[in-house]
Every structure is written in structure tokens, then in C-alpha cells.
Amino acid sequence: MFGEIFCHIVPYAQGTSVYTSTLTLTSIAIDRFFVIIYPFQPRMTIWTTAQIIATIWIFSLVATLPYGIYMANKEMYGKDFCEETWPQETFRKVPNFSIFQQQ
């Protein structure tokens with residue numbers, strides 16, 4: 001509906017958002033675990049926190065990159081639809097396997 005550019009951007013942004021949210025909540029849970037189990041140990045430094053956040057964002061952007069690349073507008077029944085267009089079946093299986101999707 002919004003054209004070829006948004007067909008690539010929207011799935012990429014959605015995937016990045018899911019990865020970033022999930023990994024950030026996981027890192028918060030791990031930090032809370034260590035604070036509760038080891039209350040007298042020093043806390044995480046700002047530098048370590050910045051590295052964790054940067055790692056989460058870089059991983060999220062790279063992991064969802066195939067979905068941004070292999071999306072295309074297809075016309076069916078007189079309407080445009082945005083769908084995955086993988087060059088080979090094995091290319092589709094690698095990202096799906098890495099996020100444990102069964103398709």
C-alpha cells in the first residue's frame with residue numbers, strides 16, 4: 001500500500017524492535033538476578049551498560065537485515081502485497097532457524 005520502500009523498512013523495523021525489546025528485558029532480568037544474589041558486589045559500570053546496549057542494538061539490526069532485504073511487493077487479485085521473496089529455500093531457512101520459527 002505504501003510502496004516498495006516501506007515494504008522493506010516496516011518488517012525490518014518490526015524485527016529490530018522485537019529483538020531489541022526482548023534482549024533488553026533479558027539483560028535487565030540478569031542484572032536484577034545478580035543484584036539480588038550478590039548484594040554486596042559492585043554494580044555494573046556505565047561503560048559496561050553502554051557496551052551491552054550497543055551489542056543488543058547491533059545484534060538486532062544485523063539479525064533482522066535479511067527480512068529487510070528479501071521483501072518485495074507482489075500483486076495478487078489486483079492488490080499489492082508485501083511478502084518475503086527469498087532467492088533460494090535455504091536462504092529462508094537460516095534466519096528462521098536462528099530465531100526458532102517453524103515455517
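Atom set for the values below is all heavy atoms of this structure, side chains included, hydrogens, waters and symmetry mates excluded. Just so it is clear, the model here is predicted, and its values are computed rather than measured.
Scanning all heavy atoms of the two residues, the minimum distance from Ile56 to Ser27 falls at CD1-OG, 3.9 Å. Here the closest heavy-atom approach between residue Tyr12 and residue Leu61 is recorded as OH-O, 2.9 Å. Closest heavy-atom contact between His8 and Ile69: CE1-O, 3.4 Å. Nearest approach of Tyr19 to Thr64, heavy atoms of both residues: CD1-CG2, 3.3 Å. Nearest heavy atoms, Val18 versus Thr22: O-OG1, 2.8 Å.
Considering CZ of Phe59 and CG of Leu23, their distance stands at 6.5 Å, rounded to 0.5 Å. Ile53 CD1 to Ile46 CD1: the interatomic distance, rounded to the nearest 0.5 Å, is 10.5 Å. Taking CG of Asp31 as the reference point, atom OG1 of Thr48 lies at 10.5 Å (rounded to 0.5 Å). Of the inter-residue distances, the one linking Arg43 atom CZ with Phe34 atom CZ reads 12.5 Å to the nearest 0.5 angstrom. Of the inter-residue distances, the one linking Leu25 atom CG with Thr20 atom OG1 reads 10.5 Å to the nearest 0.5 angstrom. Between the CD1 atom in Ile58 and the CD atom in Gln51 there is a gap of 10.5 Å [rounded to 0.5 Å].
Side-chain atoms of Ser21 and Thr24 form no donor-acceptor pair, as typed in the model, at a separation below 3.5 Å.
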Practice task
Determine, stepwise, if the pair Val35 / Gln41 fulfils side-chain contact (heavy atoms from CB on, under 4.5 Å).
Solution key: CA-CA 8 Å; Val35 168; Gln41 296 293 325; over 6 Å; no

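Looking only at distances, no side-chain donor or acceptor of Ser17 sits under 3.5 Å from a matching main-chain atom of Ala13.
In this structure, Tyr38 is a member of the same hydrophobic cluster as Ile30, with clusters built from ILVMFWY side-chain heavy atoms closer than 4.5 Å.
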